[in-house]
K.L.:
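What follows is a single structure, and I will ask about it in a moment.
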Number of protein chains: 2
Amino acid sequence: MDTAPPSPATPGKTEGLRDRKRRETMQRIAETGLRLFMENGFEATTLDAIAAAAGIARRTFFYYFKSKEDVLLAWQGSGFVEAIGPALLQEPTDQSPLAAARHCLLTLTARFETKASIAADTLLRSTETLRARKLAKMVDMERDLAQVMAERWPDRAAEELRVAAMLAIGALRLAQEEWRLDHAAHPDTARPLAEHLKATFALLDRQVPSTA
Amino acid sequence: MDTAPPSPATPGKTEGLRDRKRRETMQRIAETGLRLFMENGFEATTLDAIAAAAGIARRTFFYYFKSKEDVLLAWQGSGFVEAIGPALLQEPTDQSPLAAARHCLLTLTARFETKASIAADTLLRSTETLRARKLAKMVDMERDLAQVMAERWPDRAAEELRVAAMLAIGALRLAQEEWRLDHAAHPDTARPLAEHLKATFALLDRQVPSTA
DNA sequence: GCGCGAATTCGCACTGAGTGCGATATCAAA
DNA sequence: TTTGATATCGCACTCAGTGCGAATTCGCGC
């Protein structure tokens with residue numbers, strides 16, 4: 001468990017002892033949960049088991065997480081999501097928003113392929129609701145991305161940027177899918193996510209206009 | 001409740017008395033459920049209430065639906081989903097797959113705007129998991145669409161068609177969003193879904209290539 | 001018509017997630 | 001040191017969903 005642990009939004013203040021303990025506890029729950037999920041599966045792991053293993057009362061669990069699913073969801077693209085906004089703000093504005101997003105995602109995907117997030121991703125496919133909630137998180141990401149784009153390209157229409165964000169995140173989603181299949185088929189010679197993403201963006205360029 | 005009710009996959013056979021009863025019961029549960037959801041909200045409606053109102057035992061409910069959510073989900077784009085495949089197979093192949101999908105969706109959205117499906121859509125936004133599962137259903141639609149495209153354009157690469165399907169369903173999703181906002185803001189002068197969809201596709205054409 | 005096998009309906013008891021309430025403990029700051 | 005907010009916990013409760021098996025109904029071949 002050496003990778004970026006999920007953490008609550010840091011309000012950018014010098015944190016006291018209390019805040020630190022809080023973060024540590026949440027982090028311990030998240031790590032314990034992920035470990036137990038990996039060992040016994042998501043559904044077979046009860047809340048009591050997580051609470052016990054994390055050294056807290058069952059009731060306290062719900063002080064930190066709204067549901068069992070949220071523990072796993074906290075790992076979904078952990079770090080990645082938070083990094084997109086800042087990364088996009090670094091991009092030069094002399095390119096299209098979509099091109100900027102493409103560049104960002106290619107850079108970030110090359111970095112964020114941690115053991116924990118990959119394991120979480122596998123678990124995320126074990127249940128219908130988990131799969132669904134992962135998709136919902138990607139749509140949230142999409143909306144956030146459009147929001148950041150609107151700051152960076154204030155002259156562009158919001159709907160246009162929303163579409164650009166949809167394309168970028170959609171490409172990311174399909175690339176992840178291809179990447180997973182690639183790994184399942186050729187565990188050894190599988191290419192990294194970034195390459196799949198590049199290929200998907202290339203296909204994207206040849207698809208439009210929709211009236212051709 | 002005069003609109004297309006959700007029904008299990010019809011295996012295209014002359015159905016006996018048993019099959020008919022089965023369909024009727026499932027339909028009654030779906031309609032009762034939707035009605036109670038509309039009256040009291042999704043979470044406030046218990047399974048016991050649905051079962052009682054539908055005239056079945058609680059246990060029998062689970063013979064027809066896997067979960068409470070599935071009752072509502074059955075209404076999500078009811079009829080629409082099933083119509084896409086056949087409609088796409090009607091399209092001439094001298095246009096691009098994306099153009100064909102665009103044409104299909106524009107035609108279908110003009111038709112499927114029933115009271116029930118709109119009501120279901122509102123309910124679908126009342127809970128996080130419901131919202132998530134709706135998105136999951138759209139991704140399923142996306143996959144199906146790509147599958148049908150592969151039949152109709154066998155010379156095209158599967159990945160390319162997968163991207164095309166992503167674009168089409170993504171546009172549909174964004175158009176639905178715009179449409180909902182439009183209705184919320186101007187309940188009277190709101191434009192139909194098909195128009196929003198057309199606009200979204202127009203924006204789509206101007207977004208790529210991603211390297212511009 | 002008769003009866004066999006499958007489909008359907010149902011009851012009961014059980015697990016486990018999630019909530020409401022309130023009591024207690026801990027910590028930060030005045 | 002007091003005080004108020006934060007954190008921890010236990011208890012009892014509701015409700016979704018499952019396992020099991022009994023009872024019923026129905027389609028169909030004989």
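Predicted model, so just to flag it, every value in this text is computed and none were measured. Lettering of chains follows the sequences in order, A, B, ..., and the numbering in each one begins at 1.
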K.L.:
With the side chain counted from C-beta on, respond yes when B:Tyr63 and B:Ile56 share a heavy-atom pair under 4.5 Å apart, and no when they do not.
P.N.:
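No, their side chains stay 4.5 Å or more apart.
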
K.L.:
I need the CG-C1' distance between A:Leu47 and C:dT19, as an integer number of Å.
P.N.:
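Atom CG in A:Leu47 sits about 13 Å away from atom C1' in C:dT19.
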
K.L.:
Check whether A:Arg28 reaches the backbone of A:Ala54 with its side chain - one donor and one acceptor, N or O, closer than 3.5 Å.
P.N.:
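Flag set: sc A:Arg28 to bb A:Ala54 pair under 3.5 Å.
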
K.L.:
Specify the residues of residues 120-137 of chain A, ordered by number, for which at least one heavy atom lies under 4.0 angstrom from an atom of DNA chain D.
P.N.:
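DNA chain D contact set from residues 120-137 of chain A: none.
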
K.L.:
Once you round it to whole Å, what is the distance between P of D:dA7 and CZ of A:Arg20?
P.N.:
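Answer to the nearest Å: 14 Å.
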
K.L.:
Which residue is it: A:Gln27, A:Arg22, A:Arg20? I am looking for the one with a side chain to side chain donor-acceptor pair (under 3.5 Å) to A:Glu24.
P.N.:
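Only match with A:Glu24 under side chain to side chain donor-acceptor pair (under 3.5 Å): A:Arg20.
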
K.L.:
Please encode protein proximity along nucleotides 9-15 of chain C as a string of B, S and -, counting only heavy-atom distances under 4.0 Å.
P.N.:
BBBB---

K.L.:
Within this structure, what is the CZ-to-P distance between A:Phe61 and C:dA17, rounded to whole angstrom?
P.N.:
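Going from CZ in A:Phe61 over to P in C:dA17 covers 9 Å.
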
K.L.:
In the structure I gave you, are the side-chain heavy atoms of B:Arg143 and B:Met138 within less than 4.5 Å of one another anywhere?
P.N.:
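No - every pair of side-chain heavy atoms lies 4.5 Å or more apart.
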
K.L.:
Ignoring hydrogens and geometry beyond distance, is a side-chain donor-acceptor pair present between B:Thr129 and B:Glu69 at under 3.5 Å?
P.N.:
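Checked: B:Thr129/B:Glu69 side chains pair up, N/O donor to acceptor below 3.5 Å.
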
K.L.:
How many whole angstroms separate atom CZ of B:Arg23 from atom C1' of C:dA7?
P.N.:
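These atoms are roughly 17 Å apart.
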
K.L.:
Find the distance B:Met26:CE to C:dT8:P and express it as a whole number of Å.
P.N.:
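My rounded result for the distance is 10 Å.
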
K.L.:
Considering non-hydrogen atoms only, spot the tightest contact between A:Ala194 and A:Leu106 and give its length.
P.N.:
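Closest heavy-atom pair between A:Ala194 and A:Leu106: O-CD2, 3.4 Å.
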
K.L.:
Between C:dG16 atom C1' and A:Asp48 atom CG, what is the distance in whole Å?
P.N.:
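Distance check: A:Asp48 CG to C:dG16 C1' gives 8 Å.
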
K.L.:
Do B:Met166 and A:Gln207 make a side-chain contact, defined as non-hydrogen atoms from C-beta onward lying under 4.5 Å apart?
P.N.:
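They are not in contact (no side-chain heavy atoms under 4.5 Å apart), so the answer is no.
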
K.L.:
Kindly assign one of parallel, tilted or perpendicular to the pair A:Phe112 and A:Phe80, based on the angle between their ring planes and the thresholds 30° and 60°.
P.N.:
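Correct class here is perpendicular.
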
K.L.:
To the nearest angstrom, how far is A:Asp70 atom CG from C:dA17 atom P?
P.N.:
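About 14 Å, once rounded to whole Å.
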
K.L.:
What is the distance, to the nearest angstrom, from the NZ atom on B:Lys68 to the P atom on D:dT18?
P.N.:
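Computing the B:Lys68:NZ to D:dT18:P distance gives 14 Å.
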
K.L.:
A:Leu98 and side chain to side chain contact (heavy atoms under 4.5 Å, CB included): which single residue from A:Val163, A:Leu161, A:Leu167 fits?
P.N.:
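Answer to the side chain to side chain contact (heavy atoms under 4.5 Å, CB included) test with A:Leu98 among A:Val163, A:Leu161, A:Leu167: A:Leu167.
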
